[in-house]
Amino acid sequence: YSHDVAIKGEQDQLGRSIAHMTQALRISTEETSQRDWLKSNLAEISRSIQGQTDMHAFAATIMDLLPAMLNANHATFFAWQHDSHVLLLKGHFACAVGTIAEQLHLGEGLTGQCARDKRIMIIDDVPKDYLNIQSSMGSTTPRSLIEIPLLADGDIAGVIELACLTPINDIQYSLLEQLSPLLGSAVHSLMQNIHTEQLLEESQSLTEELQAQEEELREANDSLTMRAEELTASEEELQAQQEELRQNNEELIAKNMTVEEQKNDLKASAESLAHQAELLQQASQYKSDFLSNMSHEIRTPLNAILGFV
């Protein structure tokens with residue numbers, strides 16, 4: 001059925017039937033071929049992105065496969081960042097350095113508008129000054145630009161932009177329609193996994209930091225305990241010294257009291273001796289006076305007696 005069947009005339013019903021059957025077989029074969037092409041490419045992409053854990057590696061895989069499947073000459077891959085609400089460039093194919101925006105906001109350019117509208121956008125008859133597809137031998141303008149939103153449960157997860165020298169056909173468009181939720185869910189899951197890994201790393205880092213702080217606190221507590229023990233020992237030593245000083249002070253007080261008593265006793269003895277000396281002096285004076293008087297009294301009669309004789 002690769003060749004047309006010649007119909008010999010209006011009465012050639014058999015020829016007409018064979019021609020219709022041949023045409024139907026051609027259409028069926030083409031449809032089967034297209035379905036096989038669609039299934040095989042979807043399966044290849046699904047198999048290639050399975051188990052991806054890095055966004056740049058994921059984007060590189062898509063940029064290796066999709067342009068070849070669609071005969072695209074330029075391609076970019078942007079992933080949606082939920083925290084900063086921007087599209088970040090994660091990969092590209094055959095783009096000159098410095099010609100691609102690193103990030104885009106919703107509604108910014110065709111890519112940002114595609115992310116906002118969440119629908120495939122195809123722009124044919126691209127202006128000549130919009131984009132050049134370059135090679136070592138020259139450059140040309142693409143015929144068609146395609147913006148594919150990557151959707152996960154209706155939410156934007158990223159955008160792929162393709163530049164082609166020829167418009168895409170219906171089966172290629174069907175591939176993009178099925179890739180939109182497939183890649184969107186994969187990007188969303190990958191971003192979630194990356195976020196979870198980041199949280200786990202932050203949690204592990206925080207745990208290690210807390211463990212380090214706990215170790216520092218334990219060491220500080222041990223140091224404080226040792227210092228407290230040293231202070232307790234010093235306090236006990238000071239108490240012992242104070243007790244010794246108290247005992248020494250009591251002994252000194254007792255000695256001072258004994259010395260004071262001795263001083264009082266000596267003072268009393270001195271006063272007693274002085275008093276006795278005074279009494280002795282008085283007695284001696286009395287004796288002298290008595291002897292003097294007695295001598296005078298004895299001498300006077302004696303003189304009279306001697307004179308009489």
Would a 4.5 Å heavy-atom cut-off, applied to side chains only, mark [X] and [Y] as touching?
{"X": "Trp37", "Y": "Leu175", "value": "yes"}
{"X": "Gln81", "Y": "Ser84", "value": "yes"}
{"X": "Ser144", "Y": "Asp124", "value": "yes"}
{"X": "Phe77", "Y": "Leu89", "value": "no"}
{"X": "Ile160", "Y": "Met63", "value": "yes"}
{"X": "His85", "Y": "His105", "value": "no"}
{"X": "Glu236", "Y": "Thr232", "value": "yes"}
{"X": "Asp155", "Y": "His188", "value": "no"}

Show the numbers, then the answer: is there a side-chain hydrogen bond (donor to acceptor under 3.5 Å, both in side chains) between Gln211 and Glu215? CA-CA 6 Å; Gln211 288 176 347; Glu215 179 64 19; over 6 Å; no
With clusters defined by side-chain heavy atoms of hydrophobic residues (ILVMFWY) lying less than 4.5 Å apart, directly or transitively, does Phe93 cluster with Leu110?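 Cluster IDs for Leu110 and Phe93 differ.
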Glu214 bridged to Arg218 by N-O distance under 4.0 Å: no
Answer yes or no: is there an ion pair linking Glu44 with Arg47, defined by an N-O contact shorter than 4.0 Å?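 Salt bridge: no.
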Could you list the cluster mates of Val86? Members are the ILVMFWY residues connected by side-chain heavy atoms closer than 4.5 Å, either directly or through other members.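 Hydrophobic cluster check, Val86: joined to Leu88.
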Gap between atom [atom2] of [Y] and atom [atom1] of [X] - 0.5 Å precision:
{"X": "Ile168", "Y": "Leu162", "atom1": "CD1", "atom2": "CG", "answer": "8.0 Å"}
{"X": "Leu70", "Y": "Cys164", "atom1": "CG", "atom2": "SG", "answer": "6.5 Å"}
{"X": "Ile120", "Y": "Glu147", "atom1": "CD1", "atom2": "CD", "answer": "11.0 Å"}
{"X": "Cys114", "Y": "Leu104", "atom1": "SG", "atom2": "CG", "answer": "11.0 Å"}

Glu251 side chain to Gln247 side chain, donor-acceptor N/O pair below 3.5 angstrom: no
Spell out, as yes or no, whether a donor-acceptor pair under 3.5 Å connects the side chain of Asp54 to the backbone of His56.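 Yes.
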Can you sort out the partners of Arg35 under side-chain hydrogen bond (donor to acceptor under 3.5 Å, both in side chains), two or more places apart, ordered by chain and number?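 With neighbours one apart ignored, the set is Thr32.
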